Amino acid sequence: MSSPAEVKLTASQLQSMRQTLRSAHEDLDYVLRPVVAQMLTSGMDSKAVLPVLRDAARRSLYLTATDCAASFDVDIPESAAARDTLVYKLVDAEAARFARLVLEAAQPVRGKKAA
């Protein structure tokens, strides 16, 4: 079996994977925004929520990347063995971006008081 660093994707495949990861935002947002809003309204600090949200997004997006790669007939390693691969770095960057956007969108909920 090849090492994780040897996984090669064409430029077209990488572009497709980037688009797939970005389009997964809608589904992730639908699932995670209410959770984030509840965490914030329960008194959790956004600094504590951000890494948890990023990890959840990274796990989900890595599954998306695995499915995307499979559509190219490319096998990528499990995430624990893939930390130095381009695919993992793409997923990690997209997870960080997603976490920031969802946390920012959920912030106004924190300041609302019950009527």
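Please read these numbers as outputs of a predicted model, since none were measured by experiment. All heavy atoms count here, side chains included; hydrogens, waters and symmetry mates do not.
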Partner residues of [X] under the side chain to side chain contact (heavy atoms under 4.5 Å, CB included) criterion, sequence neighbours left out:
{"X": "Ser12", "result": "Thr10"}
{"X": "Ser60", "result": "Leu28"}
{"X": "Ala99", "result": "Leu50, Leu53, Arg54"}

Just jot down the side-chain hydrogen bond (donor to acceptor under 3.5 Å, both in side chains) partners of [X], sequence neighbours excluded, or say none.
{"X": "Arg59", "value": "none"}
{"X": "Asp29", "value": "Arg33"}
{"X": "Asp27", "value": "none"}

Sub-4.5 Å side-chain heavy-atom contact between [X] and [Y]:
{"X": "Val35", "Y": "Gln38", "answer": "no"}
{"X": "Val36", "Y": "Val52", "answer": "no"}
{"X": "Thr64", "Y": "Val91", "answer": "no"}

Practice problem: Give every residue pair that meets the ring-ring contact (aromatic ring centres under 6.0 Å, His included) criterion with at least one member in residues 66-85, sequence neighbours excluded. | Solution: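 Sorted result for residues 66-85: empty, none.
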
Quiz item: If you look only at pairs with a residue in residues 30-56, which of them pass as a ring-ring contact (aromatic ring centres under 6.0 Å, His included), with sequence neighbours excluded?
Solution: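 The answer is none; no pair qualifies.
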
Quiz item: Aromatic rings His25 and Phe98: how do their planes relate, parallel, tilted or perpendicular, breaks at 30° and 60°?
Solution: perpendicular

Could you state the interatomic distance from [atom1] ([X]) to [atom2] ([Y]), rounded to the nearest 0.5 Å?
{"X": "Ser46", "Y": "Arg100", "atom1": "OG", "atom2": "CZ", "result": "13.5 Å"}
{"X": "Met39", "Y": "Asp45", "atom1": "CE", "atom2": "CG", "result": "11.0 Å"}
{"X": "Thr85", "Y": "Lys8", "atom1": "OG1", "atom2": "NZ", "result": "11.0 Å"}
{"X": "Thr66", "Y": "Asp75", "atom1": "OG1", "atom2": "CG", "result": "8.5 Å"}
{"X": "Leu14", "Y": "Leu90", "atom1": "CG", "atom2": "CG", "result": "6.0 Å"}
{"X": "Cys68", "Y": "Leu9", "atom1": "SG", "atom2": "CG", "result": "8.0 Å"}

Practice problem: Determine, for Lys89 against Asp92, whether the closest basic-nitrogen to carboxylate-oxygen distance falls under 4.0 angstrom. | Solution: no

Quiz item: Quick one: side-chain hydrogen bond (donor to acceptor under 3.5 Å, both in side chains) pairs with a partner in residues 15-24, sequence neighbours left out?
Solution: Arg22-Glu94

Exercise. Apply the test side chain to side chain contact (heavy atoms under 4.5 Å, CB included) to residues Tyr88 and Ile76: give CA-CA distance (whole Å), side-chain angles for both, the deciding distance (0.1 Å), then the verdict.
Key: CA-CA 9 Å; Tyr88 187 89; Ile76 59 175; over 6 Å; no

Exercise. Please list all pairs passing the salt bridge (charged side-chain N to carboxylate O under 4.0 Å, His left out) test where one or both residues lie in residues 61-73, with sequence neighbours left out.
Key: none

